[in-house]
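In listed order, ligands and their atoms are each counted from 1. All figures in this text were calculated on a predicted structure; none of them were measured in a lab.
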Amino acid sequence: MSPASPEEVRSGFVALVGRPNAGKSTLVNALAGEKVAIVSDKPQTTRHRLRAIIDTEDAQVVIVDTPGLHKPKDALGEELNRSALMALSDVDVACLVIDATQPVGEGDKWVARHVAAARGAKVLVLTKADVKSRMPMERRIAAAAALGDFDDIVVLSAKEGFNVDGFLAVVTRHLPLGPRFFPRDMATDQPLAVMLAEFVREKVLLSTHDEIPHAVGVGIEDVSYEEKNDTTTVVAIVYVERESQKGIIIGKSGEGVHRIGTEARRDLEPLLGTKVYLDLQVRVKKDWRRDASQIRRFGYGEGL
Ligand SMILES: Nc1nc2c(ncn2[C@@H]2O[C@H](COP(=O)(O)OP(=O)(O)OP(=O)(O)O)[C@@H](O)[C@H]2O)c(=O)[nH]1
Ligand SMILES: [Mg+2]
């Protein structure tokens with residue numbers, strides 16, 4: 001192979017696909033070295049495709065995070081799956097991300113078939129290697145490896161940072177030589193308003209249970225900066241599907257929404273680099289998850 005010219009680096013796109021909760025977004029953040037994707041213990045946390053750009057001296061790896069593939073129950077679920085599968089259509093490397101703590105199931109087989117049909121190299125990634133399990137790791141690897149024909153298999157823990165660099169080295173090897181696709185200092189392709197909305201939604205996910213996390217959509221209504229006190233005012237609307245859900249989020253004497261606001265501000269301030277005043281309102285938008293135009297308005301799935 002001829003040596004790279006100064007402008008040429010290993011560059012290309014690497015998609016992470018897998019079942020909900022496998023640890024895709026946690027891996028994206030570990031690779032980026034900063035928070036670009038939201039993470040929670042609730043399935044279907046990620047609702048749109050997003051790119052994190054990992055730039056080094058001799059490579060630019062664009063990691064594509066996707067919504068977890070699952071059996072859809074509504075228009076939102078269908079849109080999330082569509083967006084994840086579309087991400088596979090034109091990447092240099094397709095990674096099947098499996099939670100090593102869970103038995104391999106029918107859902108994984110279904111995802112694996114889509115990965116097999118992708119054009120690029122195929123990498124199997126077993127995450128959560130830090131979690132102790134009665135089944136030895138060799139058997140867990142063997143069960144996952146039977147899902148397809150993989151160019152490489154990587155075992156890692158995004159939470160502990162174990163073998164995250166190893167993963168990056170493996171996928172980089174599969175990328176062609178070429179120009180960088182993005183500016184070198186760009187961490188993600190997500191617009192600021194999307195990140196603000198997602199960071200707020202993460203805090204709602206972390207503080208709610210049962211059906212509520214899935215019923216929540218967040219929109220940013222206004223962002224304005226005031227130099228005098230170096231403060232950005234963010235007006236965010238948390239939408240739910242029912243009055244009862246609204247009450248639960250707001251909580252007794254507004255405690256719930258207050259806590260969400262405090263936690264969200266902690267993430268928004270480093271993102272904006274200013275103090276933040278967060279005006280958080282909760283509104284009902286009945287059955288929005290069945291309304292394709294509303295799903296698009298939130299920017300979920302393929303977005304606007
Ligand atoms: N112990 C451990 N937990 C992890 C690891 N990676 C992710 N998790 C946890 O697994 C849960 C799901 O992580 P996410 O990164 O949101 O999973 P995801 O695959 O992006 O999920 P969706 O967006 O719903 O498809 C969270 O509670 C994470 O903290 C890991 O390496 N070790
Ligand atoms: Mg995710």
Side-chain angles (χ1 to χ4, degrees), residues 14-52 63-73 76-88 94-102 104-105 107-108 110-112 114-115 124-133 137 140-141 144 154-168 188 190 194-195 197-199 201-209 211-218 267 289 298-301:
V14 177
L16 305 183
V17 297
R19 318 252 9 253
N21 250 334
K24 300 175 292 296
S25 302
T26 308
L27 175 56
V28 169
N29 288 339
L31 288 160
E34 64 182 279
K35 181 166 172 169
V36 293
I38 65 165
V39 163
S40 89
D41 56 348
K42 314 289 187 304
Q44 288 144 55
T45 295
T46 302
R47 284 187 179 160
H48 61 97
R49 226 171 353 147
L50 69 92
R51 298 186 179 121
I63 305 282
V64 187
D65 189 13
T66 65
L69 285 158
H70 64 291
K71 247 193 206 128
K73 289 201 205 89
L76 175 64
E78 280 165 23
E79 182 62 22
L80 298 188
N81 275 5
R82 201 165 71 85
S83 146
L85 293 175
M86 268 181 72
L88 276 178
C95 297
L96 172 59
V97 182
I98 299 260
D99 179 342
T101 68
Q102 300 293 319
V104 169
D108 295 305
W110 182 72
V111 181
H114 284 285
V115 169
L124 174 67
V125 184
L126 284 100
T127 61
K128 311 193 188 180
D130 58 290
V131 179
K132 292 213 167 49
S133 147
M137 184 52 90
R140 294 191 259 164
I141 296 171
V154 180
V155 179
L156 58 81
S157 163
K159 203 168 198 172
E160 307 275 308
F162 163 69
N163 207 23
V164 172
D165 288 347
F167 168 79
L168 192 62
T188 175
Q190 297 174 99
V194 169
M195 289 186 83
E198 288 293 86
F199 282 21
R201 190 167 63 82
E202 181 189 68
K203 303 312 175 196
V204 182
L205 295 184
L206 295 174
S207 69
T208 55
H209 310 278
E211 93 286 1
I212 306 231
H214 301 290
V216 167
V218 176
D267 272 2
R289 280 180 292 174
F298 279 134
Y300 301 147

**Student:** Looking only at distances, can you tell me whether any N or O atom of Asn21, backbone or side chain, sits closer than 3.5 Å to an N or O atom of ligand 1?
**Tutor:**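 Yes, at least one N or O pair falls under 3.5 Å.
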
**Student:** Just jot down the ligand 1 atoms closer than 4.0 angstrom to any heavy atom of Asp41, in number order.
**Tutor:**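 Contacts of ligand 1 toward Asp41, numbered from 1: 27 (O).
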
**Student:** For ligand 1, find out whether one of its N or O atoms is nearer than 3.5 Å to an N or O atom of Asp65.
**Tutor:**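 No, no N or O pair falls under 3.5 Å.
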
**Student:** Nearest to atom 3 (N) of ligand 1, what protein heavy atom do you find, and at what distance?
**Tutor:**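 For this ligand atom, the closest protein heavy atom is Lys159 CD, 3.6 Å.
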
**Student:** Please report how many protein N/O/S atoms lie under 2.8 Å from the Mg ion (ligand 2).
**Tutor:**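 Excluding waters, the total comes to 2.
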
**Student:** Under 4.0 Å, heavy atoms only, figure out whether ligand 1 is touched by the backbone of Ser25, its side chain, both or neither.
**Tutor:**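 Near ligand 1, Ser25 shows its backbone as well as its side chain.
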
**Student:** Within ligand 1, which atoms have a heavy atom of Val131 less than 4.0 Å away?
**Tutor:**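 It comes down to these atoms of ligand 1: 1 (N).
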
**Student:** Looking at ligand 1, is there an atom of it that comes within less than 4.0 Å of some heavy atom belonging to Ala158?
**Tutor:**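 Yes, Ala158 has heavy atoms under 4.0 Å from ligand 1.
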
**Student:** With heavy atoms of Gly23 as the reference, note each atom of ligand 1 found under 4.0 Å away.
**Tutor:**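 Near Gly23, meaning under 4.0 Å from one of its heavy atoms, ligand 1 has 7 (C), 13 (O), 14 (P), 15 (O), 17 (O), 18 (P), 19 (O).
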
**Student:** Measuring from non-hydrogen atoms of Asp130 to any atom of ligand 1, is the shortest distance under 4.0 Å?
**Tutor:**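 Under 4.0 Å: yes for Asp130.
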
**Student:** Where is the nearest protein heavy atom to atom 5 (C) of ligand 1: which residue, which atom, and how far?
**Tutor:**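 Here the closest protein heavy atom is Lys128 CG, 3.5 Å.
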
**Student:** Who are the side chain to side chain donor-acceptor pair (under 3.5 Å) partners of Glu211, not counting sequence neighbours?
**Tutor:**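 Partners of Glu211 under the side chain to side chain donor-acceptor pair (under 3.5 Å) test: Gln245.
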
**Student:** List every atom of ligand 1 that sits less than 4.0 Å from any heavy atom of Ser40, numbering the atoms from 1 in the order shown and giving each element.
**Tutor:**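 Answer, ordered by atom number: 11 (C), 12 (C), 13 (O), 16 (O), 26 (C), 27 (O).
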
**Student:** Taking only heavy atoms of Gln44 into account, list the atoms of ligand 1 that are under 4.0 Å away from them.
**Tutor:**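 Going through ligand 1 atom by atom, the ones under 4.0 Å from Gln44 are 24 (O).
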
**Student:** Give the numbers and elements of all ligand 1 atoms closer than 4.0 Å to a heavy atom of Thr26.
**Tutor:**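 Under 4.0 Å from Thr26, ligand 1 has these atoms: 6 (N), 7 (C), 13 (O), 14 (P), 15 (O), 28 (C).
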
